[in-house]
2 protein chains.
Amino acid sequence: MNDKLELDKRKAFILATVVYEYINTAEPVGSVTLTQKYNLGVSSATIRNEMAELEAGGYLVQPHTSAGRVPSDAGYRAYVDRLMQPETLTSDDTRRIRDQFREASRELSDVIDQTTRLLSGLSGNLAIAIAPSRDTHAFKHVQLIWLSPRTSLAVVVTSGGVGAQRAFEWSTDVDADDLTRLSNALNSRFGGRVMEDVGETEIDSICAELKVSTEIRDAVRAAFATARRPGEPEIAAAGAQNLLDQPEFHDLRKLRAILRIVEEQRTLYDLIADELASDGVGTDPSPHVRIGHELRADELAECSVVTVPYRFGDRGVGMLAILGPRRMPYGRLIALASGTARSLGDHLNDVEIR
Amino acid sequence: MNDKLELDKRKAFILATVVYEYINTAEPVGSVTLTQKYNLGVSSATIRNEMAELEAGGYLVQPHTSAGRVPSDAGYRAYVDRLMQPETLTSDDTRRIRDQFREASRELSDVIDQTTRLLSGLSGNLAIAIAPSRDTHAFKHVQLIWLSPRTSLAVVVTSGGVGAQRAFEWSTDVDADDLTRLSNALNSRFGGRVMEDVGETEIDSICAELKVSTEIRDAVRAAFATARRPGEPEIAAAGAQNLLDQPEFHDLRKLRAILRIVEEQRTLYDLIADELASDGVGTDPSPHVRIGHELRADELAECSVVTVPYRFGDRGVGMLAILGPRRMPYGRLIALASGTARSLGDHLNDVEIR
DNA sequence: GCCTGGCACTCCGCAGGCCCGACTGCTAAG
DNA sequence: CTTAGCAGTCGGGCCTGCGGAGTGCCAGGC
């Protein structure tokens with residue numbers, strides 16, 4: 001493979017057209033098809049020569065002799081990076097996205113879920129969303145709520161939203177005023193701190209000062225621990241059945257491999273979050289495309305993924321992704337993912353406390 | 001079809017054996033196979049006669065002339081109701097269930113999710129879980145929490161757990177004491193009530209008495225509304241890729257139809273919850289099996305579903321289900337579903353406030 | 001020197017035809 | 001009522017042949 005092959009204007013146009021045609025038809029494209037359907041100004045024989053050179057350059061491959069050409073990873077890459085026209089959202093898509101978020105839930109995990117449904121419906125592919133990861137965030141408030149003599153609720157609020165709520169059951173009666181006093185003491189001591197800096201020894205000492213029972217002390221410890229713990233990365237996926245429509249997944253082995261990845265949240269998370277960690281995504285909200293082997297997973301060698309980050313106030317950065325066959329309409333999907341990510345971020349920031 | 005056909009002992013045994021063999025091999029079973037693999041004491045010709053009668057009785061069908069027999073819905077039904085040996089959990093399964101719940105989450109939606117993963121893994125089929133539906137439940141406590149002069153959090157606790165937490169942002173500064181007074185007033189007025197009986201006019205009158213702003217009044221209304229609303233039925237499914245292993249789903253059309261049902265939560269919910277409503281399940285915690293057309297969905301004509309309810313304190317009754325081909329190992333799946341449902345109920349009741 | 005028309009060649013995919021094997025139902029005898 | 005035997009049926013696997021799509025290459029023309 002000769003990576004240095006310059007794409008002159010005609011080669012570029014031919015490559016772009018092959019990719020475009022293959023994306024639309026799912027059939028290997030031959031020189032005659034090309035001359036017939038597109039106005040190239042030269043004969044099919046010339047196209048054949050050019051295509052042979054594009055194949056030598058690694059941009060196209062032939063499934064077998066006497067078949068048309070199909071883009072390689074490098075061919076798709078060139079298409080996405082240099083040849084393709086950027087697309088904008090159609091007014092219909094814009095409207096559907098807007099309508100969706102207008103009546104969307106306020107609950108983060110529900111929103112994530114609904115967004116994957118929306119995006120899989122619009123894109124006709126598999127959509128994935130990761131909720132913003134809470135990393136370090138500030139302590140804001142703790143409240144121990146007296147429900148009955150033997151039961152209480154602890155609510156810890158952080159800059160990342162409601163960090164944790166936990167119910168506790170006591171073995172002896174507790175007093176509502178004691179809980180209030182404890183709440184106040186904790187609040188005045190920890191106000192303005194970063195959650196990581198709230199140590200257990202400090203909790204212990206406050207509890208000791210106020211002479212609360214070890215049972216309550218342990219409950220406070222537990223509530224803070226839950227609020228501090230980053231928790232399972234929240235992730236949702238929808239639209240797996242869309243993949244069945246694609247001819248490349250009619251092979252059951254490939255399909256199963258992909259479904260396995262989708263159902264194993266861990267793998268799926270790694271696949272997408274890769275992107276989160278690797279580049280300084282926080283500063284770059286533009287969509288990324290990874291094609292075939294760039295995904296570094298054999299099962300996904302025939303897939304591509306479009307990812308786009310979204311920002312949710314100070315709760316951090318989440319990810320939206322579309323997974324489909326390499327033969328996907330990149331322009332449209334990039335526009336859809338970006339538009340949805342923007343609306344998602346806006347919606348979350350509208351709904352959530354600042 | 002003659003429903004009145006009595007199954008004498010030999011017919012019963014033959015039917016049971018046909019079903020058993022078909023479940024294991026997925027191949028239509030013929031009279032010779034039967035005499036060879038099972039000790040029937042009669043020749044294949046006799047079996048042929050018997051099978052012909054079983055077919056006339058509607059228990060067996062022939063995919064085509066010169067093929068073996070396959071059970072019909074009625075054949076499976078007889079097998080499940082009368083012929084099959086009940087099974088108990090293997091010690092290995094018991095252990096895996098126990099281990100799973102030992103380190104399970106405390107969060108209801110996470111538990112539901114993890115349970116479907118467990119059950120799909122153990123059963124090799126698609127597992128579904130619905131969270132207990134909250135119907136009417138009692139008001140327990142409301143707390144308006146002052147976070148900053150311009151922001152507050154409202155927490156409404158009901159007998160169904162933490163009903164709702166909502167963050168609010170005010171346009172003018174509010175006083176912490178005002179919020180406390182309001183919380184106290186609401187608590188003393190509504191204590192012991194059923195949520196449905198907490199009316200907006202009453203909320204309004206309390207707010208008016210205490211002279212709180214209309215903004216805060218609206219916030220309280222909204223918090224109660226969220227707590228009262230039953231919310232989306234929580235539902236989870238896992239293990240769709242297991243279905244790919246079954247030969248009956250190698251047909252892509254069927255597979256797609258099923259995946260569509262699984263991804264559409266509404267349909268899936270109706271499918272399972274049907275069972276919840278129809279019989280007085282609350283008093284009957286035993287597993288139910290629905291086979292083929294009994295599911296009243298053409299797409300699921302070749303599927304069966306095992307459902308088993310589980311009880312979660314006073315939050316109501318949830319459902320666990322296994323969906324797979326009609327040709328499923330009923331005995332084992334029933335045992336698995338029951339065992340898992342029991343452990344799930346126990347776990348939830350251990351973890352949650354009473 | 002590049003483009004083009006023509007030609008020989010390759011190979012996939014499909015349709016038809018064939019045979020084999022797995023069953024069955026029936027009959028006649030035990 | 002059971003059984004052995006037999007004729008009949010039908011699906012599926014396998015081979016074969018053919019048409020079509022597409023290529024590479026060559027020789028001639030601008």
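Values below: all heavy atoms of this structure, side chains included; hydrogens, waters and symmetry mates excluded. Letters A, B, ... mirror the listed sequences (proteins, then strands); counts begin at 1.
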Rounded to whole Å, please give me the gap between CD in B/Glu50 and P in C/dC26.
15 Å
Residues in residues 13-29 of chain B with a heavy atom under 4.0 Å of DNA chain D, by number, are none
Side-chain H-bond candidate by donor/acceptor type, B/Thr33 with B/Tyr38, under 3.5 Å:
no
Would you call A/Arg253 and A/Asp251 a salt bridge, taking side-chain N to carboxylate O under 4.0 Å as the test?
yes
Please report the distance, rounded to the nearest Å, between CG in A/Asp8 and P in C/dG1.
18 Å
Tell me if the side-chain of A/Arg69 makes a donor-acceptor pair with the base of D/dG24, cut-off 3.5 Å, by modelled atom types.
no
Determine, stepwise, if the pair A/Glu302 / A/Arg327 fulfils side-chain contact (heavy atoms from CB on, under 4.5 Å).
CA-CA 8 Å; A/Glu302 301 192 15; A/Arg327 197 182 54 69; over 6 Å; no
Hydrogens and angles aside, do A/Ser31 and A/Arg48 bring a side-chain donor and acceptor to less than 3.5 Å of each other?
yes
I'd like to know if B/Glu248 pairs up with B/Lys254 as an ion pair, taking the criterion as any Lys NZ or Arg NE/NH1/NH2 lying under 4.0 Å from an Asp or Glu carboxylate oxygen.
no
Identify the heavy atoms of B/Val308 and B/Pro287 that sit nearest to each other, and give their distance.
CB-CA, 4.1 Å
Looking only at N and O atoms, is any donor in the side chain of B/Arg48 or the base of D/dG5 less than 3.5 Å from an acceptor on the other one?
yes
In this structure, how many angstroms lie between the P atom of C/dA22 and the NZ atom of B/Lys37, rounded?
14 Å
If you check the B/Met51 side chain, which of D/dT23, C/dT4, C/dT24 turns out closest?
C/dT24
Here the distance between atom C1' of C/dG1 and atom CZ of A/Arg10, to the nearest Å, is 13 Å
Taking all heavy atoms of A/Ala26 and all of A/Pro247, pick out the closest pair and write down the distance.
CB-CG, 3.8 Å
For the residue pair B/Asp93 / B/Thr90, report whether a side-chain donor-acceptor contact shorter than 3.5 Å exists.
yes
Please list residues of residues 38-47 of chain B whose heavy atoms come under 4.0 Å from any atom in DNA chain C, ordered by number; otherwise none.
none
Can we say B/Asp73 and B/Arg77 salt-bridge, meaning some charged N sits less than 4.0 Å from an Asp/Glu carboxylate O?
no
Any chance you could list the contact pattern along nucleotides 8-17 of chain C? Use B for base contacts, S for sugar-phosphate-only contacts and - for none, protein heavy atoms under 4.0 Å, 5' to 3'.
--BBS-----
Euclidean distance, atom CD of residue A/Gln36 to atom P of D/dG20 [Å, nearest integer]
15 Å
Below 4.0 angstrom, N of the basic side chain to O of the carboxylate: do A/Lys11 and A/Glu50 qualify?
yes
Between A/Asn49 (CG) and C/dG1 (P), how many Å, whole number?
16 Å
So, taking the atom named CD1 in A/Ile322 and the one named OG1 in A/Thr307, what distance separates them when rounded to the nearest 0.5 Å?
10.0 Å
